[in-house]
Amino acid sequence: IEKDDKKYNMNSKYKPKDEAKRFASQFQQIKDYAVELVFGFGNGYFPREIIKMGTSLVRYAFFEPCMESFLYVIKHYDISDILGSEKVVVFIDGINELEVGAYLPEMVEWVNLPLMDIAALPRYKDMYLDLYERYLGNAREVSARVQMGMNTWITYAHIRLGNEVQHLHYVLHSNSIDDFKGAFPKKLAA
């Protein structure tokens, strides 16, 4: 990547796939339901190796701060396996960076909040410190919201459970989804 009149090699010049495997080894202990927030995407070598470390129950969010680099990667590398994975979301600054605030809250809940981890690919944090801090800020905001939601639920749990118990007798005679099967014309969205 060229930045500030300097050229930065984002991978090993000699064995980039081996370097990606070595870097990804720090993720060997990823627990199920964890959320890995990774700053940087590169050419896909690092993300691919990181994803291999977790099960299908782990979710990954990669943030690529260099749109030009990502567009180059799409043109010259096959990353369809990463982009097509249901457990991966990729944010690119200048393309969909505003979606971070929408997707992260869907990935992080109170049950997996302790399993959320933030990492940065080599050199990315140094090169894009301002964007790294923004990504970190988004993660902290999501974490704080989840914690506030959990605190609220705990504080008012007795009231909520009391309301549910009081209204249980209504459930017995209420409608269910099955009651509406065939009730709407097929061309009508419902």
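Just so we're clear, the structure is a prediction, and the values are computed from it rather than from any experiment.
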- Note on the structure: d(I118 CD1, N138 CG) to nearest 0.5 Å is 9.5 Å
- Item | Nearest atoms (heavy-atom pairs only) where M67 meets D93 | CB-O, 3.3 Å
- Non-hydrogen atoms of V100 and P105 that approach each other most closely: O-CD, 4.0 Å
- Item | Euclidean distance, I154 CD1 relative to H158 NE2, rounded to 0.5 Å | 13.0 Å
- Item | Heavy-atom closest pair, residues A24 and M53 | O-CG, 3.4 Å
- Passes side-chain contact (heavy atoms from CB on, under 4.5 Å), N163 versus I159? Steps please. CA-CA 6 Å; N163 284 341; I159 295 171; 4.0 Å; yes
- Message: Quick one, F27 and D117 - any side-chain contact, counting heavy atoms below 4.5 Å?
- Response: yes
- Here the gap from H76 atom NE2 to L71 atom CG, rounded to the nearest 0.5 Å, amounts to 11.5 Å
- Task: Take D78 and S80 through the side-chain hydrogen bond (donor to acceptor under 3.5 Å, both in side chains) test and state the conclusion after the steps.
- Result: CA-CA 6 Å; D78 180 11; S80 57; 2.7 Å; yes
- Item | Path from F46 to Y77 over hydrophobic side-chain contacts below 4.5 Å | yes
- Query: Do M127 and Y132 touch side chain to side chain, with heavy atoms closer than 4.5 Å?
  - Reply: no
- Query: Do the side chain of Y124 and the main chain of P65 share a donor and acceptor less than 3.5 angstrom apart?
  - Reply: no
- Task: Start with the C-alpha gap between E97 and F91, add the side-chain angles, then the distance that decides, and say whether side-chain contact (heavy atoms from CB on, under 4.5 Å) holds.
- Result: CA-CA 5 Å; E97 77 279 0; F91 304 108; 5.5 Å; no
- Task: Using the test side chain to side chain donor-acceptor pair (under 3.5 Å), find all partners of E141 that sit at least two apart in sequence or belong to another chain.
- Result: R145
- Task: State whether the number of non-hydrogen atoms from other residues, nucleotides or ligands found under 6.0 Å of E164 atom CD is greater than 12.
- Result: yes
- Message: With a 3.5 Å distance limit and no angle check, can you tell me whether N96 reaches the backbone of V90 through a side-chain donor-acceptor pair?
- Response: yes
- Between CD1 of I51 and CD1 of I30, what distance do you get to the nearest 0.5 Å? 9.5 Å
- Query: Is there a side-chain contact between I79 and Y45 (heavy atoms, below 4.5 Å)?
  - Reply: no
- Note on the structure: When every non-hydrogen atom of H169 is compared with those of Q166, the smallest separation belongs to CD2-O, 3.0 Å
- Task: Report yes if the side chains of F23 and I50 come closer than 4.5 Å at any heavy-atom pair, otherwise no.
- Result: yes
- Task: Drop me the distance from E19's CD to E49's CD, to the nearest 0.5 angstrom.
- Result: 11.0 Å
- Task: For P47, enumerate each residue passing the side chain to side chain contact (heavy atoms under 4.5 Å, CB included) test, keeping only those at least two apart in sequence or located in another chain.
- Result: F41, F62, I82
- Item | Same apolar cluster (I L V M F W Y, side chains within < 4.5 Å links), L136/V89 | yes
- Message: Tell me whether Y103 shares a hydrophobic cluster with V38, the cluster being built from Ile, Leu, Val, Met, Phe, Trp, Tyr side chains joined at under 4.5 Å.
- Response: yes
- Can a salt bridge be assigned to the pair R123 and D126 using a cut-off of 4.0 Å between side-chain N and carboxylate O? no
- Whether T155 side chain and N151 backbone form a donor-acceptor pair below 3.5 Å: yes
- Task: For residues L129 and K125, determine if any side-chain heavy atom of one lies less than 4.5 Å from a side-chain heavy atom of the other.
- Result: yes
- Task: Using a 4.5 Å cut-off on heavy atoms from C-beta on, say whether the side chain of Y135 contacts that of L131.
- Result: no
- Task: Check side chain to side chain donor-acceptor pair (under 3.5 Å) between S85 and all other residues, then give those that pass, not counting sequence neighbours.
- Result: none
- Path from Y156 to M150 over hydrophobic side-chain contacts below 4.5 Å: no
- Minimum heavy-atom distance A139-L37, with the two atoms named: CB-CD1, 3.6 Å
- Task: For residues V58 and K87, determine if any side-chain heavy atom of one lies less than 4.5 Å from a side-chain heavy atom of the other.
- Result: no
- Message: By the definition side chain to side chain contact (heavy atoms under 4.5 Å, CB included), identify the one residue from N112, V108, V111 that meets it with V146.
- Response: V108
- Item | F39 vs L121, side-chain contact (heavy atoms from CB on, under 4.5 Å): CA-CA, chis, key distance, verdict | CA-CA 6 Å; F39 186 71; L121 296 187; over 6 Å; no
- Side chain of E64, backbone of G42: donor and acceptor closer than 3.5 Å? yes
- Message: Rounded to the nearest 0.5 Å, what separates atom CD in E99 from atom CG in L104?
- Response: 11.0 Å
- Derivation of the side-chain contact (heavy atoms from CB on, under 4.5 Å) call for D81 and R48: CA-CA 8 Å; D81 58 321; R48 189 173 286 117; 2.8 Å; yes
- Message: Hydrophobic clusters here meaning ILVMFWY residues chained together by side-chain heavy-atom distances under 4.5 Å, can you tell me if W110 and M116 are in one?
- Response: yes
- Mind checking whether Y128 and E133 have side chains closer than 4.5 Å, heavy atoms only? no
